[in-house]
Amino acid sequence: MENIHVINKTAQKFTITNASGEFIIPARLNDTLRFSSVQHKLKDVLITQEIITSKTVTVILEEKINALNQVTVGKILTGDLSSDIGTVKGETPINFYDVGIPGYTGKIATQSERRLAEAGEFKPKMLLGALTGSIPLNPILNGISGRTKMLKKRVKHERNEALITKLRQEFSESLFSIYPLSEEFRADFFYFCEMDENFYQTCNGKSDLEVLEFLKHKLKQYKANQQED
């Protein structure tokens, strides 16, 4: 399995597995290695003399399964065809392809992103000291009132919120296994990370190892702030 977090809890070292499920990490006798991922249960392995001698270890992870008591999909059928036909609707929704209209198939913008696009941004072109071309009125009014600036902040906050939620789900177990933090402070810690001006550029689209390094650095800062308080 690729991208499994491997943590030496004793030596406070960590790495991730490659595409072949392989990894290299410093370890001594009686160190504890912890393996974690969103899809698997936590697995701890004690480094024995046999592992030290062979310099290798094979770890089998157990898939994490969320069991549901009962699931009802769609309408409940009685088995009586004559009565079930009257309750089941099989109409296919019409989309823009059905009527020959070209449609947008890219990423759907959030409400704040749509409002920011509608508000526009006032960028007048200067030519020989004079304004040229037509200038829409909305961008000017929105710029004067501060609405454009407010919408930009809202879009940035929503973008960061989505990334913070993803990081909490994927890295909480790995990070706090090696750098413990009380449960009551964890949500506050992730919002502390969001306040970093380089948060999005540092964490979005980066490797797990790079993100863990960033979180480790911010956790040290967070704990230092707690001590000062």
Side-chain angles (χ1 to χ4, degrees), residues 1-52 54-74 76 107-108 110 157-194 196 199-220 222-223:
M1 293 296 298
E2 185 179 8
N3 288 329
I4 302 297
H5 300 163
V6 185
I7 303 164
N8 186 330
K9 295 175 61 179
T10 310
Q12 295 195 343
K13 302 289 184 181
F14 57 78
T15 185
I16 58 174
T17 58
N18 62 18
S20 301
E22 300 168 338
F23 66 96
I24 297 176
I25 194 169
R28 296 175 182 269
L29 184 64
N30 295 326
D31 281 2
T32 299
L33 298 187
R34 169 162 289 183
F35 300 81
S36 71
S37 78
V38 177
Q39 300 91 351
H40 299 87
K41 295 181 180 179
L42 289 178
K43 176 83 170 185
D44 286 348
V45 174
L46 183 68
I47 300 300
T48 62
Q49 185 59 52
E50 182 182 356
I51 294 175
I52 293 292
S54 64
K55 296 183 179 180
T56 185
V57 59
T58 300
V59 181
I60 298 176
L61 299 181
E62 185 178 353
E63 189 173 359
K64 187 184 297 183
I65 299 175
N66 296 319
L68 301 177
N69 293 330
Q70 180 178 348
V71 177
T72 301
V73 181
I76 299 177
K107 180 183 176 183
I108 304 300
T110 65
H157 176 68
E158 289 179 352
R159 177 195 66 183
N160 288 353
E161 275 283 306
L163 184 56
I164 277 290
T165 300
K166 179 183 177 183
L167 297 188
R168 288 184 64 178
Q169 292 174 345
E170 295 184 1
F171 294 97
S172 288
E173 287 184 352
S174 302
L175 180 67
F176 299 129
S177 291
I178 188 170
Y179 301 107
L181 182 66
S182 176
E183 186 75 35
E184 61 183 304
F185 297 117
R186 293 183 182 182
D188 184 59
F189 161 69
F190 279 105
Y191 284 114
F192 171 75
C193 294
E194 182 188 351
D196 190 301
F199 162 71
Y200 191 80
Q201 292 77 7
T202 305
C203 297
N204 185 49
K206 298 299 191 297
S207 69
D208 286 3
L209 205 55
E210 289 176 296
V211 175
L212 277 171
E213 285 290 349
F214 171 80
L215 294 176
K216 179 181 75 172
H217 173 68
K218 297 303 296 183
L219 186 55
K220 288 181 179 179
Y222 182 78
K223 289 185 174 181

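In what follows, residues are counted from 1 in the order of the sequence shown.
With values rounded to the nearest 0.5 angstrom, Asp196 atom CG is found 6.5 Å from Thr202 atom OG1. Taking CG of Asp208 as the start and CG of Asn3 as the end, the distance is 5.0 Å to the nearest 0.5 Å. Put simply, OG on Ser54 and CD on Gln49 are 9.5 Å apart, with the number rounded to the nearest 0.5 Å. Here the straight-line distance linking atom CG of Leu212 with atom CG of Leu175 works out to 6.5 Å at 0.5 Å rounding.
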Inset, instruction - Let me see the working for Phe14 and Ser177 under side chain to side chain contact (heavy atoms under 4.5 Å, CB included), right down to the final yes or no. - result: CA-CA 10 Å; Phe14 57 78; Ser177 291; over 6 Å; no
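Of the charged side-chain nitrogens involved, none lies within less than 4.0 Å of a carboxylate oxygen, so that Lys166 and Glu194 do not count as a salt-bridged pair.
In this structure, Lys218 satisfies the cation-pi test against Phe192, with its NZ or CZ atom closer than 6.0 Å to the six-membered ring centre and inside 45 degrees of the ring normal.
Checking side-chain atoms of Lys220 against main-chain N and O of Leu215 turns up no donor-acceptor pair under 3.5 Å. For the pair Glu170 (side chain) and Leu167 (backbone), a donor-acceptor distance under 3.5 Å is absent. Formation of a donor-acceptor pair under 3.5 Å by the Thr17 side chain with backbone atoms of Glu22 is not found in this model. With Ser182 contributing its side chain and Phe185 its backbone, the two residues share no donor-acceptor pair below 3.5 Å. Of the possible donor and acceptor atoms, one in the side chain of Arg186 sits under 3.5 Å from a partner among the backbone N and O of Leu181.
When Arg168, Lys64, Arg34 are each tested for a salt bridge (Lys or Arg N to Asp or Glu O under 4.0 Å) with Glu173, only one passes: Lys64. Each of Asp44, Ile47, Asn8 was checked for a side-chain contact (heavy atoms from CB on, under 4.5 Å) with Thr32, and the lone residue meeting it is Asp44. Paired with Ile51 under the rule side-chain contact (heavy atoms from CB on, under 4.5 Å), one option of Thr56, Val45, Leu29 passes, and it is Val45.
The closest side-chain heavy-atom distance from Lys223 to Leu219 is below 4.5 Å. For the pair Tyr222/Cys193, no side-chain contact is recorded, criterion being any heavy-atom separation below 4.5 Å from C-beta on. At least one side-chain heavy atom of Phe214 sits under 4.5 Å from a side-chain heavy atom of Cys203. Residues Asn30 and Thr10 are not in side-chain contact: their nearest non-hydrogen atoms beyond the backbone lie 4.5 Å or more apart. Looking only at side-chain heavy atoms (C-beta outward), Phe35 and Leu42 stay at 4.5 Å or farther from each other. His40 is listed as a side-chain neighbour of Ile4, based on a closest heavy-atom distance under 4.5 Å. A 4.5 Å side-chain heavy-atom check between Phe199 and Ile164 finds at least one atom pair inside the cut-off. Using a 4.5 Å heavy-atom cutoff, the side chains of Glu183 and Phe176 are not in contact.
Residue Lys216 places its NZ atom among more than 12 non-hydrogen atoms of other residues, nucleotides or ligands, all under 6.0 Å distant. In Gln12, the CD atom is crowded: over 12 heavy atoms of neighbouring residues, nucleotides or ligands sit closer than 6.0 Å.
Scanning all heavy atoms of the two residues, the minimum distance from Val59 to Lys43 falls at CG1-CG, 3.8 Å. When all heavy atoms of Pro180 and Ile178 are compared, the closest pair comes out as CD-O, 3.5 Å.
Under the 30°/60° scheme for interplanar angles, the aromatic rings of His5 and Phe171 are found to lie parallel.
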